[in-house]
Amino acid sequence: RPRVLSGIQPTAGSFHLGNYLGAVRQWVALQESHDAFYMVVDLHAITLPQDPGALRANTRLAAAQLLAAGLDPARCTLFVQSHVPEHAQLAWVMNCLTGFGEASRMTQFKDKSAKQGADRASVGLFTYPILQVADILLYQANEVPVGEDQRQHIELTRDLAERFNGRFGQTFTVPKPYILKETAKIFDLQDPTIKMSKSASTPKGLVNLLDDPKATAKKIKSAVTDTDTVIRFDPVEKPGVSNLLGIYSTLTGTGIAELEEKYAGKGYGALKTDLAEVVVDFVTPFRERTQQYLDDPETLDSILAEGAEKARVVAAETLAQTYAKVGFLPAK
Ligand code: ATP
Ligand code: MG
């Protein structure tokens, strides 16, 4: 079975609709066909300041949401990044293989450091794509299911894998991004030209899966569309309507053309009311299942402990090979 690896940050508590449709939904599907490794990336989370208690709670919350979304510990390996020390260890080797200019070209650093100012942002935030490289290469992943915003980091991963293999001999699988066109980028409900994001979106533009479903329905109904009334999928001319159609289509499995036909001549109100119901029907059981996992932290923690144990077997093997290739003297 080909292997997949992906991760999600335990920041901001709730996952949003972009995380789910862009990434987690594919994770659930891929556990049926792939040898799948999924993790809550707490090492990545501390690239921005975190409250320790909140980080701990959000890590459990992220794992609970992944299970609620349909990850099955019998079908995939689910773990917390910091439970597998090899991530940080391989990241150091990858840091030493990356050019400073090359790292400077990663656009997420510019976006994410803009708030604090690049001078005050942590060096961890700067090198975070390189930790991501290590995350992926440790598992010899063939594919990495992510949203479009991660494409540049997968490119860097490919470059570094090839560079290492070229310099030290075949060691790493060169991975490919797994990005579905329809859900590659879910847009902000209030500004459909930017991606829905936990750090950049305003509360009204962001659908958090764990929010009160009534509030979520309201957000969908007040999503920005345009002054025209025609329901047509056209991301350039009609980004707001197209975003709603995309979300609707993915959550219900109805084709876009079929939706266009269904709403022909009906106006945006009807589309938004129906979509609000579709989203509420999705988030309501999701919230309940998440709560069930949170109510039983012992079971949750042992799922994560078992996942870390399985992950470490693979990670340790890759790290040992890497250390040997680099020329580190083996410890006797
Ligand atoms: P931040 O804005 O702080 O980076 P985020 O909302 O992007 O947070 P992450 O934890 O960085 O959340 O991303 C988790 C996964 O969700 C990644 O694979 C990412 O590509 C995907 N993702 C995030 N936002 C979207 C979106 N709007 N559309 C599609 N996929 C998305
Ligand atoms: Mg992101």
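Every number for a ligand or one of its atoms is a count from 1 in the order of the listing. Worth knowing before you read on, the calculation uses all heavy atoms, side chains too, and leaves out hydrogens, waters and symmetry mates. Just so you know, residue 1 is the first one in the sequence shown, and it goes up from there.
- If you check which protein heavy atom lies closest to atom 13 (O) of ligand 1, you get Asn19 ND2, 3.6 Å.
- Taking the six-membered ring where the residue is Trp, Phe126 and Phe109 present perpendicular rings, their angle passing 60° and hence far from 30°.
- When hydrogens are left out, the protein atom nearest atom 3 (O) of ligand 1 is Ser199 OG, 2.8 Å; that is the closest non-hydrogen contact.
- Taking 4.0 Å as the cut-off, His44 does not count as a neighbour of ligand 1 on heavy-atom distance.
- With a 4.0 Å cut-off on non-hydrogen atoms, Gln108 does not touch ligand 1 at all.
- Listed by atom number, the atoms of ligand 1 under 4.0 Å from Ala184 heavy atoms are 28 (N), 29 (C), 30 (N).
- With a heavy-atom cut-off of 4.0 Å, Ser6 does not touch ligand 1 at all.
- Between Val41 and ligand 1 there is no heavy-atom distance shorter than 4.0 Å.
- Contacts between Lys185 and ligand 1 below 4.0 angstrom, taking non-hydrogen atoms only, involve the backbone exclusively.
- The shortest separation from a heavy atom of Glu148 to ligand 1 is not under 4.0 Å, leaving the residue out of contact.
- Shortest contact from atom 19 (C) of ligand 1 to any protein heavy atom: Asp149 OD1, 3.4 Å.
- Those atoms of ligand 1 with a heavy atom of Ser197 less than 4.0 angstrom away are 2 (O), 6 (O).
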